[in-house]
Amino acid sequence: MKDMKTLLLQEDGIPYAAELLRSGEPVGMPTETVYGLGCDATQPSAVRKVFAAKGRPSDNPLIVHIADISEWGSLVREIPPLAMALAEKFWPGPLTIILPRSERIPPETAGGLDSVGVRLPAHPIAQEMIRAAGVPIAAPSGNRSGSPSPTTSAHMLADMDGRIPAIVEGGSCLGGVESTVVVLDDASTVRVLRPGLITVEMLNTVAERVIVDDAVLSQLAPDAPVRSPGTKYRHYAPEAKIILVNGGQEEFLRYVKSQQEEGVYALVFDADLPLCSANGIPALSYGDTDAERAAAFFGKLRELDECGAKCVYVRAPRTDGIGLAVYNRLIRAAGYEVRTV
Ligand code: TXA
Ligand code: MG
């Protein structure tokens, strides 16, 4: 699979992308969250190519993407009323709903689990690709396993060039963090396994109870039960060492200034930049609001590596709203190295 030429297709290349997908090849697909590496979710051999191209552990299940809510019923055993209410409210959009899988989804796609996560993406090119292929599309994020998720075709090409036949260009992903992943604990309870742009507060407008799984904000004990296999792997890690710092602007700056390592950088909010520069701390901003930080975060991790940063202190966002999604990616990128100052 190495050394093939990876084509960057434009919108008029979608029919060719669909042909590749139908013939069991993986293709890069833009979505509103991040770029995914798509394949026919019903073909085990296609799914194995996706795992191989990513270097992904085979027990980590793939999300299945559909273009019309009516396709959902053939992928799962049943759709409970709460699941349907969530889909009706938040699809098309960045919400993945896990339910027991039907026979149509092979064990390879499900990472050996009895369930499947499904979502209907909001990106028009993703929808067009799924419709043109005429099959449900399994797509993990389009990065090599462990690297930051790609939010542009260039990021995806940097990871996948020579490993897959094609990527469809779709511009920069506006969302920037992957979909919110939920499972239903019972008829009125939603459990968030991975936070995203569909926030806990938004889910609460549909579900009576919303529980944030323990794995979202902390490292699970090695023997703890794992609800979502993705949470046990190293994630989003750039070359540079990442350290997450909880604290106000002044405390943060004082702390970073006191650090003596080589190649220290700060990843901060817009308002912190002038103070960083006044204190001689090389810094990048990842935005002013939680939504901006979500959109910019993965690209900034890649940019920090390009700057030659060796050790990056990140000013932590709050953990409500979209901030929870950003914080969750940050603690993983930091390998759970969090300091409070
Ligand atoms: O926004 C997104 O969700 C992107 C785009 C391409 O749609 N996809 C994505 O896929 O982020 P991936 O494979 O990088 O992350 C899927 C996460 C993993 O943590 C996986 O363990 C979890 O969802 N997951 C998927 N299916 C699951 C299942 N049946 N049970 C538990 N967790 C599941
Ligand atoms: Mg991923």
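Order of appearance sets the numbers: ligands from 1, and atoms from 1 within every ligand.
Under the side chain to side chain contact (heavy atoms under 4.5 Å, CB included) test applied with Ile211, the options Thr189, Val182, Leu203, Val192 reduce to a single match, Thr189.
Taking a 6.0 Å sphere around CD of Glu103, one finds it holds 12 or fewer heavy atoms contributed by other residues, nucleotides or ligands. Atom CD of Glu239 sits in a sparse spot, with 12 or fewer heavy atoms from other residues, nucleotides or ligands closer than 6.0 Å. Heavy-atom contacts from other residues, nucleotides or ligands closer than 6.0 Å to CZ of Arg318 number 12 or fewer. Heavy-atom neighbours of Glu11 CD from other residues, nucleotides or ligands within 6.0 Å: at or below the threshold of 12. The local environment of CD in Glu250 is sparse, with at most 12 non-hydrogen atoms from other residues, nucleotides or ligands closer than 6.0 Å.
Heavy-atom proximity to Asn60, at under 4.0 Å, picks out these atoms of ligand 1: 18 (C), 20 (C), 21 (O). Using a 4.0 Å cut-off to heavy atoms of Pro229, the atoms of ligand 1 that qualify are 21 (O), 31 (C), 32 (N). Which parts of ligand 1 touch His65 is read off a 4.0 Å heavy-atom cut-off, strictly below it: atoms 5 (C), 6 (C), 7 (O). Atoms of ligand 1 found under 4.0 Å from any heavy atom of Pro140, numbered from 1 in the order shown, are 10 (O), 12 (P), 13 (O). Within the listing of ligand 1, atoms 1 (O), 2 (C), 3 (O), 5 (C), 7 (O) sit less than 4.0 angstrom from a heavy atom of Arg119.
Residue-ligand proximity: Pro121 is placed with every non-hydrogen atom at 4.0 Å or more from ligand 1. Under the 4.0 angstrom criterion for non-hydrogen atoms, Ala139 is in contact with ligand 1. Residue contact check for ligand 1: Met29 places no non-hydrogen atom closer than 4.0 Å to it.
Looking from atom 23 (O) of ligand 1 to the surrounding protein, the closest heavy atom is Val181 CG2, 3.9 Å. In this structure, atom 13 (O) of ligand 1 lies nearest to the protein heavy atom Arg56 NH2, 2.8 Å. Protein heavy atom at the shortest distance from atom 32 (N) of ligand 1 is Ser228 OG, 3.1 Å. For atom 19 (O) of ligand 1, the closest non-hydrogen atom on the protein side is Gly230 CA, 3.3 Å. Residue, atom and distance of the protein heavy atom nearest to atom 30 (N) of ligand 1 are Ile98 CD1, 3.3 Å. Closest protein heavy atom to atom 15 (O) of ligand 1: Arg194 NH1, 3.0 Å. Closest to atom 14 (O) of ligand 1, if we only count protein heavy atoms, is Ser141 OG, 2.9 Å. Nearest protein heavy-atom contact of atom 3 (O) of ligand 1 is Ser179 OG, 2.5 Å.
Put simply, the side chain of Glu337 never gets that close to the backbone of Ile243: no donor and acceptor are under 3.5 Å apart. Here the side chain of Thr340 pairs no donor or acceptor atom with the backbone of Asn246 at under 3.5 angstrom.
Among Ser145, Gly175, Pro61, the residue whose heavy atom sits closest to atom 33 (C) of ligand 1 is Pro61. With Gly36, Pro30, Gly142, Ser115 as candidates, the residue nearest to atom 29 (N) of ligand 1 on a non-hydrogen basis is Ser115.
Excluding waters, the set of protein N/O/S atoms under 2.8 Å from the Mg ion (ligand 2) reads Ser141 OG.
Considering CD of Gln249 and CG of Leu275, their distance stands at 4.5 Å, rounded to 0.5 Å. Atoms SG and NZ, from Cys276 and Lys257 in turn, are 11.0 Å apart once rounded to the nearest 0.5 Å.
Ring geometry for Tyr255 versus Tyr313: interplanar angle over 60°, hence perpendicular rather than tilted (30 to 60°).
Ion pair Arg22/Asp40 not flagged as a salt bridge, since none of the NZ, NE, NH1 or NH2 atoms sits closer than 4.0 Å to an Asp/Glu carboxylate oxygen.
Between Thr31 and ligand 1, no pair of N/O atoms sits closer than 3.5 Å.
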Evaluate side chain to side chain donor-acceptor pair (under 3.5 Å) for Tyr327 paired with Asp320, printing each intermediate quantity in order.
-> CA-CA 9 Å; Tyr327 197 97; Asp320 57 353; over 6 Å; no
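Under 4.0 Å from ligand 1, not a single heavy atom of Glu32 appears. By the criterion of a heavy-atom distance under 4.0 Å, the backbone of Arg227, and not its side chain, is placed next to ligand 1.
Both Leu304 and Val314 sit in one connected hydrophobic cluster of ILVMFWY residues. Membership requires side-chain heavy atoms under 4.5 Å apart, directly or through other members. Placement of Leu75 and Ile97 within a single hydrophobic cluster is found when ILVMFWY residues are connected by side-chain heavy-atom separations under 4.5 Å, directly or transitively.
With Phe269 as the aromatic partner, Arg293 meets the cation-pi criteria of under 6.0 angstrom to the ring centre and within 45 degrees of the ring axis.
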